[in-house]
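No hydrogens, no waters, no symmetry mates; every other heavy atom, side chains included, goes into these values. Below, read A as the first sequence line, B as the second, and so on, with proteins coming before strands; counting in each chain starts at 1.
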Protein chains: 6
Amino acid sequence: MVKVQDILNKIEEFAPLSIKMDGDPSGFQIGDRDQEVHKVMTTLDVRPKVVKEAIDNGVDLILAHHPIMFHAARNLDLSSPQNQMYRDLLANNIAVNASHTNLDKAHGGMNDWLMERLREHVDIKDSGYIDPDDDYSIGRVADLTTSMDVLEFAKKVHDAYELKNLRYVVSEAGQPVKRVALIGGDAGKFYPEVLKSGADTFITGDVYYHTAHDMMSAGLNVIDPGHHIEAIFIEKMAHKLADWSNAYHWDLDIIKSEINTEPYNFI
Amino acid sequence: MVKVQDILNKIEEFAPLSIKMDGDPSGFQIGDRDQEVHKVMTTLDVRPKVVKEAIDNGVDLILAHHPIMFHAARNLDLSSPQNQMYRDLLANNIAVNASHTNLDKAHGGMNDWLMERLREHVDIKDSGYIDPDDDYSIGRVADLTTSMDVLEFAKKVHDAYELKNLRYVVSEAGQPVKRVALIGGDAGKFYPEVLKSGADTFITGDVYYHTAHDMMSAGLNVIDPGHHIEAIFIEKMAHKLADWSNAYHWDLDIIKSEINTEPYNFI
Amino acid sequence: MVKVQDILNKIEEFAPLSIKMDGDPSGFQIGDRDQEVHKVMTTLDVRPKVVKEAIDNGVDLILAHHPIMFHAARNLDLSSPQNQMYRDLLANNIAVNASHTNLDKAHGGMNDWLMERLREHVDIKDSGYIDPDDDYSIGRVADLTTSMDVLEFAKKVHDAYELKNLRYVVSEAGQPVKRVALIGGDAGKFYPEVLKSGADTFITGDVYYHTAHDMMSAGLNVIDPGHHIEAIFIEKMAHKLADWSNAYHWDLDIIKSEINTEPYNFI
Amino acid sequence: MVKVQDILNKIEEFAPLSIKMDGDPSGFQIGDRDQEVHKVMTTLDVRPKVVKEAIDNGVDLILAHHPIMFHAARNLDLSSPQNQMYRDLLANNIAVNASHTNLDKAHGGMNDWLMERLREHVDIKDSGYIDPDDDYSIGRVADLTTSMDVLEFAKKVHDAYELKNLRYVVSEAGQPVKRVALIGGDAGKFYPEVLKSGADTFITGDVYYHTAHDMMSAGLNVIDPGHHIEAIFIEKMAHKLADWSNAYHWDLDIIKSEINTEPYNFI
Amino acid sequence: MVKVQDILNKIEEFAPLSIKMDGDPSGFQIGDRDQEVHKVMTTLDVRPKVVKEAIDNGVDLILAHHPIMFHAARNLDLSSPQNQMYRDLLANNIAVNASHTNLDKAHGGMNDWLMERLREHVDIKDSGYIDPDDDYSIGRVADLTTSMDVLEFAKKVHDAYELKNLRYVVSEAGQPVKRVALIGGDAGKFYPEVLKSGADTFITGDVYYHTAHDMMSAGLNVIDPGHHIEAIFIEKMAHKLADWSNAYHWDLDIIKSEINTEPYNFI
Amino acid sequence: MVKVQDILNKIEEFAPLSIKMDGDPSGFQIGDRDQEVHKVMTTLDVRPKVVKEAIDNGVDLILAHHPIMFHAARNLDLSSPQNQMYRDLLANNIAVNASHTNLDKAHGGMNDWLMERLREHVDIKDSGYIDPDDDYSIGRVADLTTSMDVLEFAKKVHDAYELKNLRYVVSEAGQPVKRVALIGGDAGKFYPEVLKSGADTFITGDVYYHTAHDMMSAGLNVIDPGHHIEAIFIEKMAHKLADWSNAYHWDLDIIKSEINTEPYNFI
């Protein structure tokens, strides 16, 4: 028998809340820490359809990457769909934990998962931290075995993350791809740190128009695979949990959300 | 048949949210505005025992004076008793509306109720607003027909609000009670406004030690009947609601909370 | 003979700086207001290649939609490509004026141009301001003659603005497109104002992942044609200028930038 | 012969200003550090009657717990009773020093005096700091030899501090009193720290109505003996001073203020 | 018989506190508003020697231009010479009122006095307000009958205010003096307003090195007669007071401080 | 052959930017770090005439004490003389570096240069840092071999820096000059630090009227030689550069600006 708090304890060892970024509300967000857990579901986002899926499947605990409560709730007026999710989760005894920027930075966490996936499609000699002096650097950097042009590299990223749609930006300096920085989520604002790492190419999502211009000028190629590549969380976190479940004899049923929370469709 | 929103509409006419003080989270706080209402309960505070009372009585809507959500909820972790109340209310389809500083200032609202009660125990010639130029003044002021000494007046306040315990402060100027200012709740910080009104005596709750000294020096007697005299809300709001129910044929069952939410006991 | 300041005066009548948003550095940014102007170039953005184009064409004045100096220059260290542009413009006596949010809001300005283009591809009954009480509303709203489903409408937007790539978001409420709000640039953060206008569908660029989720939940379809549709500025502003040139006998050579400043490529 | 500064030096050793809380104006507030001292008076507060007492008794130096200048003086307009005190003190060469939060936290200071007094009326096994890792913890915590119910314990506090009036709050959890935290003055806002110390019961003054509710819910019994129990300062500080006077042959006349500065009367 | 408050009332009519600049602590600063006044002294500054002069002359009220309490007093520790002045004033029943920026802006106040003095040494056609739309403009502007070069004009200013020392700055544009702006005290930071008034030359004190450069570049000549020319206050305010004394039969002895509070000596 | 960056590297060793004060924009401000340098000019300030001088002399690099860009440029509108300087410098390939507060604090920098000059005119026993615990103290302090009165000392300062004009302030305490603190530029606001150093006399420029009063009262004599004594930079920095040029075989032509940037003339 395992309780919510037992699972939170393992997550804390893996991706401690002390390393999360300021203002990120990661951690335990909804429910009862003392509740027994029989079925856990992993998901990138907690959206209304995901809540319905959890209810339909008798889930006790949701492990999400993105916090469900990004903003504190000033009221619980049910005319808001956001508040309806809270009500439905509480009514169905479903607890929710979010591991966001603590997981991004954790050793063997989000950015390492994304890099590992990339490595399956591109030959990489060496990889390390964007800021090598920071034990919990915000991102990863890797040197390709052979440089390639931006379009060729963009296609490999497209394949690696199985994308429908990919945007890329070619540096005004026109250099090929040789040293690649990678940060999951939307990390365009960190491009000065990326430049300091010596990278010529930056993979990150949700790049802003004017920031794209700034990066072009500053000599960075940019590959924007979108924010949704972090859906890798679903499988990786489920796997992590399965390992713990085996190790500690938790007898846990682990399911992966099958709802696509990518908000965008493409033409 | 009446819905939550219908009742909110009448409250808005009576004590509009536009007149509430900055930072006061008064208004609709929990539940479904479209829900039908059969039974309403009035209460000063929404505390765990009050929630239980509402559940036990099959209440659909709670009308409270003090907001249940004074602070926005950063999470809904059920290890907090505050969050447990939210869960229990949502699970039992009980909506909550708070009318706090908007009601204090409304014409015929909290401060007028308190003044009317005082008038039943003290001869008052004339009464008006603390700031006569403000249509929604924060308090009321009244002239006694005959002046009296502070202890004598304090006893009348004690009787008027049926108190177990009353604190009072005698002005260093030593003047008797002739012109009385009254603000429900804890309004010690507004004593400069009270002085401007020409009052010699100030009735308000939860007076702070150093503010008591300041008011003594500034020439104010102070009568502190505590914060709980606002329990007058329970009866007065129920009465108000009954009037509306009759006028609009709402067929509403109205009950008054019987839980004493006064946190203090006295020796 | 016409001077820079004469042209600025006409722009000020058309899109006065007093209506621009707080923090937008629109207005005259680089060069000499007293300089004679023989050749003007219109452009969406001022990027290094655009500067080169202006030099190559002997341009005296650039009229841009996006400010070249979004941020004040703390130094003019030429290791920065941004500063290199300033040097090249000054060295070649090319003045630069930006009309950004003042133009967005102007009557007959950016949002009206975009709406007019849409109207050429979709049957629209009626159109007006997002906030009808605001003479310089941030956007426009229009009612379709016949409602249509989101994909169908998205295709029409795709055609209207001749896009390679378009992202769209389908509201959780699932309603068809009937009342459309439109704001050029990236205006996702204004979605609460859009909701107040009664729109069911919102056209704007550079939508952020989590805001996309919020809009889905709030009952909005979203069409994201990107930020670059504002390139309509190039032609429309050139046309405006040609009208003035005729009316005032300015004898002006007007060219349209042929550099594509869209930073994104798509796979 | 002893000067004001000699006495300040000993106070600084005992209760150094470096440990006072941010914003507390403790320290030397009025008068001449070089003045010879023949007669010292200890008092909890410096109020107009206390100033008169000091003048009538030919006092040279007042040692107070509460600062006389809580707020900086924007003027010395004598229509304010506060400014009148300053004038009277200066005119009579009476210096004033305040030892407030530095004394609260000092080893053998206010909180230890209050705990020692409690110990004379209740059997206590063990006592220590609220935050055991902080050398100058804001309060003290003690374990009763035998647990008792809240009313019984409240009566003992009532006796210990010779109170006319005492308010107490019973935890919603209903547990008896076993581990008691104590902070002089009004320290309700520190209740989360008190909870971390493992205390089930909290003694502090001037508790606020809504904070009382929060503490009840959080599982704390609260004993509110008022703010005036700190009058223990008068005797304890006089005693401390007498010790120094003997040790250093200061030939000092030490008197204790006999003015009751408790602002409240009770019915 | 006249009281302090009677004199304050006349000053308020002449130079109302409502027109003073934000942050200026002008007004009644020290003493008893109800005290009878027999002897008044006018002074530019209240410095220790001025206080001694007032005591030696049996003064009841000091009227100063510069506030004695620029900063609120956090304590009255007499080791500070500033606090010693407060003590001496209170001990000798000397009240202090300051009329600073309210007097600068008053009609017939400081700036008008200074302009009138200038007019006695320079032919001036016309004079008015720096900002003609503001009834209480921060300064005055005047047109010379005949333009003159900067050195010649500087000499006239030197004579007009009987200065030992004068600094002046010649505009990079090199224009002669024709339209002069004048603001008493140190008003260098207002030079953009001065430019808007069309002035070519600015008289003000305590000009800062880098601001002097900015004004040179912006096309302003600057005459810096120092801050002490405001000593004109001593005579002018005494005269004003004498007028009131006659008109209201106040029987007042009016003296002018003879202490030179100019802090600077010159080589 | 030497490049701009080579010279910047030596300046960084001598006066590292890491020691500059917050808000000081010292460092490389205008131009191309990779440009070859043949002729360098040293100057206190970069004003329009200095720019002209640099152009006329074919200068490649200006080394200044005061930053040319004190404020970030919000635009490059050439109606501003400040912006005209930037344009002229860029158009003529003249780079600009400023060493301001980093140089003030550097070992062997501005304050040491000024002290050394003083020492040539006054007998000084001993000198050190204002704050001896700070490796990069804001100023210097020195003990005279023999004390002298303020006027005598002021005359020596007058001679040392070859001044036309000098202001001085005599302490109310009236003590002679024995221990002197020196800070270049305008450092009046640091007088409390100066007092802590035990100095009786403070040399600094641009002293403010009310600060002069405060320093008089606090027991400081003040010698205000103006801001322009820092023109010592021109010679000293040229000398420093010549040393480097010799040591590294830079083959550099070094000239000293002959434009007097002192904005003030004196009568």
*Hey, are B:Lys52 and B:Asp56 close enough for a salt bridge, meaning a charged N less than 4.0 Å from a carboxylate O?*
yes

*asked:* Can you tell me which of B:Gly27, B:Ala95, B:Gly31 forms the most heavy-atom pairs within a distance under 4.5 Å of chain A?
replied: B:Gly31

*Most contacts with chain A, counted as non-hydrogen pairs under 4.5 angstrom, among B:Asp77, B:Asp32, B:Leu90*: B:Asp77

_Contact winner vs chain A - B:Leu76, B:Asp34, B:Asn83, B:Leu89, heavy-atom pairs under 4.5 Å_ = B:Leu76

*Take atom NZ in A:Lys49; do more than 12 heavy atoms of anything else shown fall under 6.0 Å from it?*
no

*asked:* Using a 6.0 Å cut-off, check whether atom NE2 of B:His239 has over 12 heavy atoms from anything other than its own residue.
replied: no

*Look at atom CG of B:Asp251 and say whether more than 12 heavy atoms of other residues, nucleotides or ligands are closer to it than 6.0 Å.*
no

